[in-house]
Amino acid sequence: MKLVEAELRRIRLPLLAPFRTSFGTEHDRDVLLIRVTTDDGVHGWGECVAGSEPLYSSEYVDAAQQVVRDFLLARLWHLPDISAHRLGPALQAIRGHRMAKAAVEMAVLDAELRSSGISLGDRLGAVRGSVPVGVSVGIGSSIAQLLDTVGGFLAQGYQRIKLKIEPGWDVDVVAAVRERFGDIGLQVDANAAYRLADARHLTELDAFGLILIEQPLPEEDLRGHAALAKQMRTPICLDESIVSAAAAADAIALGACRIVNIKAGRVGGLLEAVRVHDVCAASGVPVWCGGMLETGIGRAANVALAALPNFTLAGDTSASDRYWARDVITEPFALRDGELRVPRGPGLGVDVDADLLAGATTSVERLSGPG
Ligand code: SMG
Ligand code: MG
């Protein structure tokens with residue numbers, strides 16, 4: 001299988017409701033989609049999870065598109081036989097830019113699996129036909145408004161609620177949700193908004209029986225997380241800090257986390273995500289699948305990944321209608337009894353709707369290999 005064409009398409013999808021975190025508010029998503037074509041005429045789709053600004057991590061979508069075009073695809077055109085497991089060695093020279101690499105890998109993997117008739121779930125080692133899902137709830141405008149939002153999601157069947165927190169929107173908010181909704185699965189995510197000096201304040205969260213606290217401290221601060229873990233009863237889960245399987249092994253060895261959030265984009269691709277899963281499984285550390293407000297393309301990959309055996313906690317892979325009035329895939333992901341079904345068709349197992357895609361498109365760059 002040889003790569004002959006690639007289309008770098010940007011789409012803009014308005015979110016049904018703004019999503020506020022400690023680092024900013026998203027009103028819509030500016031998504032880079034990659035469609036590769038092989039010499040057999042098979043297509044493969046990839047989605048890049050980088051945001052429009054470098055706020056979650058150092059990557060952002062304009063840079064990702066440049067990296068994909070000038071540094072990643074540029075190293076792949078000449079390969080006589082391309083497949084996902086050959087990308088690592090071919091792209092090793094390019095440092096970082098994991099979200100850009102992950103998007104290319106997803107597209108190549110999708111094409112490869114579509115041509116051999118294998119589903120992504122089967123390729124990665126899925127052991128479940130559907131996965132339990134939770135929902136991530138942004139910082140609200142008031143506690144009353146947040147309680148309404150949480151109540152709506154629980155009524156839809158979401159199996160756990162994750163509250164975004166930041167200094168000034170934490171203990172009181174968690175207390176109010178616990179009081180109103182009782183013994184629901186509840187966890188919080190700080191997106192690195194605290195410092196170790198806040199440890200005493202954060203221990204107040206221990207009173208609420210949370211499943212976990214996600215990424216309280218900065219990405220680089222593994223030792224800080226290990227020190228915080230000694231003071232808190234609530235398990236620490238890392239998101240931003242875990243950029244590879246090696247980083248996961250280090251964090252676990254240091255005692256910086258007891259749970260890991262896996263996002264394929266953050267670690268450079270689905271194959272590395274499986275390695276993170278395996279490292280955690282070997283250490284008895286449970287994992288769950290994070291979300292980056294993906295369209296149905298990235299969501300299909302997340303749901304397949306979340307079906308691996310050590311994904312024992314509900315993920316942030318919510319249903320399409322939690323985000324979009326209309327997703328770009330023909331069959332949006334729908335919640336059934338608190339779960340999403342893992343696609344069974346070849347590759348990602350979802351079909352892109354050409355009209356919906358055209359309606360959302362803001363630019364298209366068509367590339368082809370040299371001769
Ligand atoms: O996809 O439902 C989703 C969003 C889940 O909270 C979520 N993601 O830090 O885990 C996280 C955030 C990062 C994305 S904010 C744009
Ligand atoms: Mg997070």
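Remember, it's 1-based here, ligands and their atoms both numbered in the order they're listed.
- Defined by atom type and a distance below 3.5 Å, a donor-acceptor pair is present between the side-chain atoms of Glu365 and Gln65.
- In this structure, a donor-acceptor pair under 3.5 Å is absent between the side chains of His43 and Asp110.
- Ring-plane geometry between Phe153 and Tyr158 is classed as perpendicular, the angle between the planes exceeding 60 degrees on a 0 to 90 degree scale with a lower cut at 30.
- Of the listed options Ser136, Gly315, Ser22, Ser136 places a heavy atom closest to atom 6 (O) of ligand 1.
- In this structure, the side chain to side chain donor-acceptor pair (under 3.5 Å) partners of Gln145, at least two apart in sequence or on a different chain, are Ser141, Thr149.
- Gly291 O, 3.0 Å is the protein heavy atom nearest to atom 8 (N) of ligand 1.
- Below 4.0 Å from some heavy atom of Asp239 lie the following atoms of ligand 1, by number and element: 9 (O), 10 (O), 11 (C).
- Where the criterion is an N or O separation shorter than 3.5 Å, residue side chain and backbone included, Asn261 fails it with respect to ligand 1.
- Around the Mg ion (ligand 2), the protein N, O or S atoms closer than 2.8 Å are Asp189 OD2, Glu214 OE2, Asp239 OD2, listed by chain and residue number.
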### Task
Run the numbers on Val36 and Glu5 for side-chain contact (heavy atoms from CB on, under 4.5 Å), then give the verdict.
CA-CA 6 Å; Val36 297; Glu5 274 170 24; over 6 Å; no

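- The protein non-hydrogen atom at the shortest distance from atom 12 (C) of ligand 1 is Lys164 NZ, 3.1 Å.
- The contact set between ligand 1 and Phe19, taken as ligand atoms under 4.0 Å from a residue heavy atom, comprises 6 (O), 15 (S).
- Inclusion of Glu240 in the set of residues having an N or O under 3.5 Å from an N or O of ligand 1 is not warranted.
- With Asp239 contributing its side chain and Gln215 its backbone, the two residues share no donor-acceptor pair below 3.5 Å.
- Remark: minimum distance from atom 16 (C) of ligand 1 to any protein heavy atom is reached at Glu26 OE2, 3.4 Å.
- Side-chain polar atoms of Ser241 and Glu220 form no donor-acceptor pair below 3.5 angstrom.
- In the model, Glu166 has no side-chain atom that pairs as donor or acceptor with a side-chain atom of Ser22 under 3.5 Å.
- Scanning the protein for heavy atoms near atom 3 (C) of ligand 1, the closest one is Tyr323 OH, 3.3 Å.
- Annotation: cation-pi geometry satisfied between Arg160 and Trp288 (NZ/CZ under 6.0 angstrom from ring centroid, within 45° of ring axis).
- For the side-chain contact (heavy atoms from CB on, under 4.5 Å) with Arg266, the lone residue among Asn261, Val49, Val276 that qualifies is Asn261.
- Taking every heavy atom of Phe23 and a limit of under 4.0 angstrom, the matching atoms of ligand 1 come to 15 (S).
- In this structure, atom 9 (O) of ligand 1 lies nearest to the protein heavy atom Asn191 ND2, 2.7 Å.
- In terms of polar-atom proximity, Asp189 is counted as a contact of ligand 1, with an N or O under 3.5 Å from an N or O of the ligand.
- Side chains of Thr295 and Glu47: a donor-acceptor N/O pair is present below 3.5 angstrom, by distance only.
- Ranking protein heavy atoms by distance to atom 1 (O) of ligand 1, first place goes to Leu293 N, 2.8 Å.
- Sorted by first and then second residue, the salt bridge (Lys or Arg N to Asp or Glu O under 4.0 Å) pairs with a member in residues 54-67 read Arg10-Asp62; sequence neighbours excluded.
- Short contacts between ligand 1 and Lys263, defined as distances under 4.0 Å to a heavy atom of the residue, involve ligand atoms 9 (O), 10 (O), 11 (C), 12 (C), 13 (C).
- Residue, atom and distance of the protein heavy atom nearest to atom 14 (C) of ligand 1 are Met292 SD, 3.6 Å.
- No hydrogens or angles considered: a donor-acceptor pair under 3.5 Å links the side chains of Thr234 and Asp206.
- Which parts of ligand 1 touch Lys162 is read off a 4.0 Å heavy-atom cut-off, strictly below it: atoms 6 (O), 7 (C), 10 (O), 11 (C).
- Residue contact check: Glu214 has heavy atoms under 4.0 Å from atoms 10 (O) of ligand 1.
- Heavy-atom contacts of Asp316 reach the following atoms of ligand 1: 1 (O), 2 (O), 3 (C), 5 (C), 6 (O), 7 (C) (cutoff under 4.0 Å).
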### Residues Arg336, Glu339; criterion salt bridge (Lys or Arg N to Asp or Glu O under 4.0 Å); working and verdict
CA-CA 5 Å; Arg336 270 196 208 94; Glu339 303 204 331; over 6 Å; no

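- Applying the side chain to side chain donor-acceptor pair (under 3.5 Å) test to Asp327 and every residue at least two apart in sequence or in another chain returns Ser320.
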